Amino acid sequence: LKYHADDLVREIGFPVTEAQKAAWMSNLSDSRGRLIAEERDDFFTIMRIGELPQRTCLNYADGAYRECLLSCFDSNKKFLYATMGGRPVARAMLRLTKGSAKKPGDKDSASLQFVDVLNECEEPVERDVEKLVLFLERCYVSGISMEESEEVKRMFIELAMRKAREIGAEVVLSNQYRECSASMGFTAMQHYLYISKSKGGKQYLDSLGG
């Protein structure tokens with residue numbers, strides 16, 4: 001049900017092939033010594049993102065924004081988890097969407113196409129500035145050293161890059177990864193991301209202040 005029918009295309013407002021959808025649904029993993037990083041999209045992992053590896057406002061029992069938890073079951077959202085010796089030590093949301101390096105509405109560029117209100121538009125906009133984007137959100141870490149934390153972030157970035165190559169997307173990182181990603185070919189810049197309405201109701205964006 002997480003990847004029901006054409007939900008993915010509707011959620012990101014961008015054409016996705018069956019091959020891209022299959023690549024998105026497949027979960028990648030990597031390991032370095034005792035550290036294991038992997039994509040997860042199962043029910044119990046998502047239900048406990050506000051509990052593991054640390055307590056957050058998305059805790060299903062009493063989190064301040066627990067009503068946003070259902071939105072994490074949208075087709076365009078997955079989670080990267082890191083474990084050490086079987087113990088969860090980090091997690092981050094991986095969001096498939098669309099975006100542009102140009103500000104929507106600029107005279108020299110097309111606007112982003114907002115699928116939620118597309119039916120209200122008189123004319124469709126061009127897609128020459130829209131790109132499929134894989135957005136790696138804030139990383140929550142608990143119970144490991146600073147060095148191990150930085151290693152986990154690099155592993156998450158590398159997993160996101162592998163996934164992006166498979167589906168033909170561009171990787172965009174939360175500003176939290178600025179230091180550890182500088183040596184990996186990334187540069188700081190302003191990027192405009194499309195955030196669709198969630199079929200689960202309200203949603204919480206880890207990297208955009210909620």
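In this text, all values refer to a predicted model and were calculated from it rather than measured experimentally.
Y140 contributes atom OH, which lies 12.5 Å from atom OG of S142 (distance to the nearest 0.5 angstrom). To the nearest 0.5 Å, atoms CZ (F135) and CG (L193) are separated by 5.5 Å. In this structure, the separation between CZ on R10 and NE2 on H4 is 7.0 Å, given to the nearest 0.5 Å. Note that CD1 of I12 is 10.0 Å distant from CD of E130, once rounded to the nearest 0.5 Å. Rounding to the nearest 0.5 Å places OH of Y204 at 8.5 Å from SG of C68. In this structure, the separation between OG on S174 and CG on L136 is 7.5 Å, given to the nearest 0.5 Å.
Across every non-hydrogen atom of A164 and V171, the tightest pair is CB-CG2, 3.4 Å. Minimum interatomic distance between N59 and R66 (heavy atoms only, all atoms of both residues): O-CB, 3.2 Å. Of all heavy-atom pairs spanning N175 and R178, the tightest one is OD1-NH2, 2.8 Å. V152 and A90 get closest at one heavy-atom pair: CG1-CB, 3.6 Å. Closest approach of G13 and Y194 over heavy atoms only: N-CE2, 4.3 Å. Contact record, D74 with S198: OD2-OG, 2.7 Å, taken as the closest heavy-atom pair.
Cation-pi geometry between K98 and F14 is not met: the NZ or CZ atom fails to fall both under 6.0 Å from the ring centre and inside 45° of the normal. No cation-pi contact links R40 to F79, judged by a cut-off of 6.0 Å to the six-membered ring centre and 45° from its axis.
The salt bridge (Lys or Arg N to Asp or Glu O under 4.0 Å) pairs that include a residue from residues 134-144 are R95-E137, where partners are two or more places apart or lie in different chains.
The shortest side-chain heavy-atom distance between L134 and L94 falls under the 4.5 Å cut-off. When side chains are defined from C-beta on, L35 counts as touching E151, because their heavy atoms get closer than 4.5 Å. Taking the side chain as every heavy atom from C-beta outward, C72 and M93 approach each other to under 4.5 Å.
Residues satisfying the salt bridge (Lys or Arg N to Asp or Glu O under 4.0 Å) test with E158, not counting sequence neighbours, are R32. Under the side-chain contact (heavy atoms from CB on, under 4.5 Å) criterion, S29 pairs with E38, sequence neighbours left out. Not counting sequence neighbours, the partners of A101 by the side-chain contact (heavy atoms from CB on, under 4.5 Å) test are M189, H191. When the side-chain hydrogen bond (donor to acceptor under 3.5 Å, both in side chains) test is applied to N27, the partners found at least two apart in sequence or on another chain are D41, K78. Considering only residues two or more places apart in sequence or on other chains, R162 meets the side-chain contact (heavy atoms from CB on, under 4.5 Å) condition with L28, D30, L159, R165. For S149, the side-chain contact (heavy atoms from CB on, under 4.5 Å) partners two or more places apart in sequence, or in a different chain, are V141, I144, K153. For R55, the salt bridge (Lys or Arg N to Asp or Glu O under 4.0 Å) partners at least two apart in sequence or on another chain are D62. With sequence neighbours left out, the side-chain hydrogen bond (donor to acceptor under 3.5 Å, both in side chains) criterion links N76 to no other residue. With sequence neighbours excluded, the residues satisfying salt bridge (Lys or Arg N to Asp or Glu O under 4.0 Å) with K199 are D7, E11. Partners of K21 by salt bridge (Lys or Arg N to Asp or Glu O under 4.0 Å), not counting sequence neighbours: none found.
Cluster membership for M146 and Y177, using ILVMFWY side-chain heavy atoms within less than 4.5 angstrom, is not shared. Placement of I36 and L80 in two distinct hydrophobic clusters is found when ILVMFWY residues are connected by side-chain heavy-atom separations under 4.5 Å, directly or transitively. Connection of F43 to L58 is established within a shared hydrophobic cluster, with ILVMFWY side chains joined at heavy-atom distances below 4.5 Å, either directly or through further cluster members.
At least one donor-acceptor pair under 3.5 Å links the side chain of E148 to the backbone N or O of S145. Using modelled atom types, one side-chain atom of K163 and one backbone atom of S26 make a donor-acceptor pair closer than 3.5 Å. Within the 3.5 Å criterion, the main-chain N or O of S75 finds a donor-acceptor partner in the side chain of W24. The backbone N or O of F186 sits nowhere less than 3.5 Å from a side-chain atom of S181 that would complete a donor-acceptor pair.
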C180 and I157: side-chain contact (heavy atoms from CB on, under 4.5 Å), yes or no, with the steps? CA-CA 9 Å; C180 65; I157 294 171; 3.8 Å; yes

Evaluate the side-chain contact (heavy atoms from CB on, under 4.5 Å) criterion for residues K2 and I46: first the C-alpha distance (whole Å), next the side-chain angles of each, then the deciding distance (0.1 Å), finally the verdict. CA-CA 11 Å; K2 179 174 173 63; I46 296 176; 4.2 Å; yes

side-chain contact (heavy atoms from CB on, under 4.5 Å) between R34 and V89: does it pass, once the steps are laid out? CA-CA 11 Å; R34 297 175 61 210; V89 295; over 6 Å; no

Given the rule in the side-chain hydrogen bond (donor to acceptor under 3.5 Å, both in side chains) test, do K77 and Q203 qualify, once you have shown the distances and angles that lead to the verdict? CA-CA 11 Å; K77 301 179 182 113; Q203 59 182 316; 3.1 Å; yes

Between E67 and Y65, does a side-chain hydrogen bond (donor to acceptor under 3.5 Å, both in side chains) hold up when you go through it step by step? CA-CA 5 Å; E67 73 269 24; Y65 294 104; over 6 Å; no

Trace of the side-chain contact (heavy atoms from CB on, under 4.5 Å) decision for L96 with V133: CA-CA 6 Å; L96 183 62; V133 166; over 6 Å; no

Please tabulate, for the side chains in residues 47-54, all donor-acceptor contacts under 3.5 angstrom to protein atoms that are two or more places apart in sequence or on a different chain.
{"residue": "R48", "atom": "NE", "partner": "E51", "partner atom": "OE1", "Å": "3.1"}
{"residue": "R48", "atom": "NH2", "partner": "E51", "partner atom": "OE2", "Å": "3.4"}

